[in-house]
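The structure appears below as structure tokens.
The chains referred to below are lettered A, B, ... by the order of the sequence lines, with proteins before strands, and numbering in each begins at 1.
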Amino acid sequence: MAQFDTTTNAGQLLAAASGGRRRRGDRIFSNTAVIAAVTILALLFGVAAFLVGEGLPALTASSSELPGHESFISYAAPLAFGTVLAGVLAMIIAVPLAVAVALFITHIAPPRIAMTLGYLVDLLAAIPSIIYGLWGIFVLGPAAVPVMKWLEEKLGFLPIFEGPASITGRTMLVVGLVLAVMILPIVSAIAREAFSQTPRKLQEGAQALGATRWEMIRTTVLPFGKSSVISGSMLGLGRALGETMAVAIILSVSGGVSFNLISQANPSTIAANVALNFPESSGLAINLLIATGLVLFAITLATNFLARLIIARSETE
Amino acid sequence: MTPPPDNTLASVPQRSIFAHTDGAGGSLPSWAPYGAFVGALVFCAAVEAALGWFTIALMLVFGALVAIVAIYGWSRAVEGRRRAKDRAITMAIATAFGIAMAPLISLLYEVIKRGVAGINWDFFTTTSRGVVGGGGAEHAIVGTLIITACAAIISVPIGIMAAIYMNEYGRGPLRRALTFFVDVMTGIPSIVAGLFAYALFELFLGPGIQLGIMGSLALSVLMIPIVIRSAEEVLKIVPNHLREAAYALGTPKWKVIVKVVLPTAFAGLVTGVMLATARIIGETAPLLVTTGVIDSMNTDPFSGRMQNLAVYAYNEYRSPGVMKQASYDRAWAAALTLIAIVMILNVIARLVYRRYRTEIR
Amino acid sequence: MFGSQAKPQAEEGRAKMSPTGPVTETTSQAIGGAPARRAKTLEAKEVNLYYGDFHAVEGVNMTIEPNKVTALIGSSGCGKTTFLRSLNRMHELTPGASVKGDIALDGEDIYANGVDPVAVRRLIGMVFQQPNPFPTMSIYDNVAAGLNFNSSRIPKSDKDAVVERSLRGAHLWDEVKDRLDKPGSGLSGGQQQRLCIARATAVSPEVLLMDEPCSALDPVATLAIEDLIGELKKEYTIAIVTHNMQQASRASDITAFFNLDESGKPGHLVEIGPTDEIFTKPKQKETEDYVSGRFG
């Protein structure tokens with residue numbers, strides 16, 4: 001410890017401060033901050049740990065012990081299939097639309113209304129998912145029935161439109177559409193961010209060569225934003241995979257693995273299955289549901305991880 | 001010494017990807033796209049009327065397709081191929097935007113139309129207890145407010161302190177790791193958060209328990225990463241020279257944060273919290289699992305199930321009472337109330353931001 | 001050649017340590033219109049500064065004289081700001097930055113073990129290039145910020161006195177006395193910088209460091225600040241970094257010239273001496289080349 005010459009003003013002040021009084025305030029505050037950060041990690045690992053802990057009894061039980069007397073795999077596989085099918089369908093529909101929306105807002109709409117349009121698109125994200133569910137079953141489903149009938153008639157040779165077309169509209173196709181609307185704002189927000197950050201130099205370079213607006217977009221904006229769009233799509237996919245209520249309300253479930261998008265018989269998704277069965281379940285059935293939740297967690301983790309990887313890789317280029 | 005002239009390049013026809021290959025040099029009037037669209041709509045409407053299948057949706061969709069073809073043809077004749085393609089694609093993109101906006105319009109319209117049918121004085125002042133075919137959502141509204149408030153009380157301090165840690169104390173690799181984990185947390189499906197909260201309480205209290213606070217915990221798992229993300233953004237924007245000015249006055253670090261950084265970031269922090277609240281207030285799945293369904297009013301988050309608007313809406317739809325339509329009406333009314341709360345929170349958040357934002361150069 | 005140290009002053013000027021620190025002494029002096037405070041000497045011995053592994057400044061030996069203005073000049077990137085920031089322990093706030101060597105304020109090593117950097121910064125204040133009043137605070141609160149952040153409760157009348165004293169000292173009182181509760185960001189650039197100077201002097205430092213304080217200001221405001229600096233040196237020791245040679249020759253008593261051999265090498269002190277000597281008959285050729293405009 002330094003000895004201070006307390007005959008000088010400087011020495012006195014330094015001596016007074018070296019007592020550690022001030023250090024205590026700093027220590028308390030920084031410790032609190034560290035605790036908060038650690039809590040986050042604890043929460044995250046807690047989620048994984050608890051899911052594993054409570055799901056384990058179902059994972060290790062034999063088929064005869066499980067409700068429905070089937071093995072865990074045969075229970076969970078169709079659910080996983082349905083989850084991925086719905087998610088991928090949503091992504092296929094949403095991504096081109098989201099890119100178009102993003103292009104429209106960043107490059108085509110007049111700047112004054114572009115911001116308002118952005119707010120409107122983001123508004124879609126603020127709407128609670130139960131409302132999407134109600135809208136899907138009461139509005140979109142019935143409206144889609146004639147379309148699905150037409151699809152069965154004209155394109156019924158394709159396995160996805162094999163039919164018979166549902167008369168209530170509670171099909172995978174409608175679910176895919178609703179999920180697409182739900183994830184559109186996420187993908188489009190990321191795409192907007194990327195498109196609006198295309199360097200001016202690149203765009204002006206194309207324009208100076210006499211390119212039309214579309215040519216400029218095609219050659220500069222789209223390539224520049226490609227990796228952002230991809231990662232945004234994967235984030236949207238992750239969201240669609242985890243969506244519960246819209247699927248639970250809309251989808252008419254009968255269990256099997258099938259690519260038929262317009263029929264009454266659809267596989268459920270993991271999330272919807274939990275929501276539908278949890279309230280009446282007990283004992284091992286609950287462990288079973290939690291185990292499927294673990295599978296869902298793993299799937300969404302993998303998807304998000306992939307998305308971050310793509311972002312990271314594109315940033316190092 | 002200049003190199004001999006190289007004529008080989010001059011003899012090769014220069015072809016830029018933007019070279020003019022078509023000759024047409026005219027120009028369409030500025031109202032052309034709108035004109036084409038209107039014309040196409042009229043055309044489709046006429047065709048549909050003649051065939052007897054008139055619907056607005058069909059007219060719009062086919063009208064848009066016809067308009068794209070029309071503008072292409074028209075422009076191709078007058079302006080040339082490249083400009084025609086540009087116009088057609090621009091119209092296609094605008095159409096796609098319209099298609100994307102259609103659900104929003106339809107949603108809002110339907111929620112308002114159907115929800116208003118269920119809104120009445122009873123809706124706000126009675127619960128579902130002991131009522132057959134009637135009742136209201138008072139217990140659900142109160143429940144939503146309580147559960148959300150508890151979630152916010154848990155999430156906001158933890159989230160903001162964690163953001164402070166990451167922004168003001170964190171060093172390179174540790175901070176990057178934390179950012180990564182927070183990102184992972186944003187991807188947790190809401191049902192998984194609900195199952196986690198259920199499992200946690202089951203460990204301590206036994207199976208089958210459903211409490212309001214469990215729902216708050218599940219919502220916190222979803223809310224914390226959102227709060228952290230937005231708080232981090234806002235803290236990053238506070239310019240470093242303000243911190244330096246405070247340090248130079250001989251201020252300890254924690255006071256620099258509390259007395260300079262946080263007040264400067266205040267508006268952004270409040271906005272972030274309000275937007276995070278608006279995001280989770282409509283979450284149904286985790287609450288289904290944790291707070292359950294109940295017909296009567298419960299204001300104690302630590303004992304017994306608690307109803308909330310989202311689960312209420314779902315329940316009215318799933319198990320309608322004797323008078324089905326009335327139940328459906330109530331479900332829509334609950335949905336409308338939810339949307340109204342979300343919109344109000346969003347608007348307040350923006351107003352707060354505008355009012356308290358500090359001009360930082 | 002400038003190794004003379006300022007001797008500790010006579011007993012009557014001694015600060016009495018009270019719960020509120022030296023502020024009380026200053027306050028009573030300010031109210032009584034007492035004699036100027038003694039300023040202090042800063043002495044640097046073999047100071048080497050690093051950013052991680054990068055050696056930014058090497059082997060600086062110099063003394064910053066009390067009640068004088070010392071200008072640090074040199075071309076961009078030669079380490080003068082880095083050196084300045086090491087004088088009040090701001091350099092170490094950059095992650096990975098480190099200091100080797102000794103820096104002493106009146107004989108007290110400010111980098112010694114157990115020395116609280118926060119206390120050092122109370123004693124050695126700094127004014128920055130960009131005026132940076134706290135945007136959420138009024139003019140009054142800005143000036144009083146150092147007091148509010150640091151000491152325990154100060155009676156309002158004492159605070160008022162300190163604020164007025166500081167604003168007067170910064171030649172800003174008359175312009176703002178009627179709007180002390182308005183935000184600090186509503187002032188012009190020159191006024192804001194004077195506000196920052198008032199804020200820095202309100203905590204009664206011994207030394208005032210200024211990092212290119214006028215580079216963001218117009219010529220009229222610049223002149224006002226230079227006049228102010230001439231006044232301030234009666235009370236404080238001042239060191240100012242400037243890349244404007246005319247300013248250095250106008251406003252300083254002693255000039256120190258820093259230079260870089262080449263980019264990537266550490267900056268170092270080339271020569272230090274009375275300002276007129278440095279500018280008219282410098283001892284080093286490098287110095288002569290710089291001040292006559294042959295480079296930089």
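Closest approach of A:A36 to B:I158, counting heavy atoms only: CB-O, 3.7 Å. Closest heavy-atom contact between B:L178 and A:A37: CD1-CB, 3.8 Å. What you find for B:Y165 and A:A33 is that their closest heavy atoms are CB-O, 3.6 Å. Contact between A:I40 and B:A162 at its shortest, heavy atoms only, is CG1-CB, 4.0 Å. Listed here is the closest heavy atom pair of B:I339 and A:I127: CD1-CG2, 4.2 Å. Between A:T244 and B:S190 the shortest heavy-atom distance is OG1-OG, 4.1 Å.
Looking at A:W214 and B:T90, their side chains never bring a donor and an acceptor atom within 3.5 Å of each other.
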Open item on the list: Applying side-chain contact (heavy atoms from CB on, under 4.5 Å) to B:D183 and A:N304, what does each step give before you reach the verdict?
Closed with: CA-CA 8 Å; B:D183 279 345; A:N304 279 308; over 6 Å; no
TODO: Apply ring pair (Phe, Tyr, Trp, His ring centres under 6.0 Å) to the pair B:Y198 and A:F278, showing each step before the final yes or no.
DONE: CA-CA 11 Å; B:Y198 176 83; A:F278 194 90; 5.0 Å; yes
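Taking CG from B:L309 and CD1 from A:I130, the interatomic distance works out to 10.0 Å, rounded to the nearest 0.5 Å. Taken from CD1 in B:I93 to CD1 in A:I108, the straight-line distance is 4.0 Å, to the nearest 0.5 Å.
Using a 4.5 Å cut-off between heavy atoms, B:V311 makes no contact with chain A at all.
Ring geometry for B:Y169 versus A:F29: interplanar angle of 30 to 60°, hence tilted.
Of the possible donor and acceptor atoms, none in the side chain of B:D86 sits under 3.5 Å from a partner among the backbone N and O of A:T212.
Taking the six-membered ring wherever Trp is involved, the centroid distance between the rings of A:F45 and B:F181 falls below 6.0 Å.
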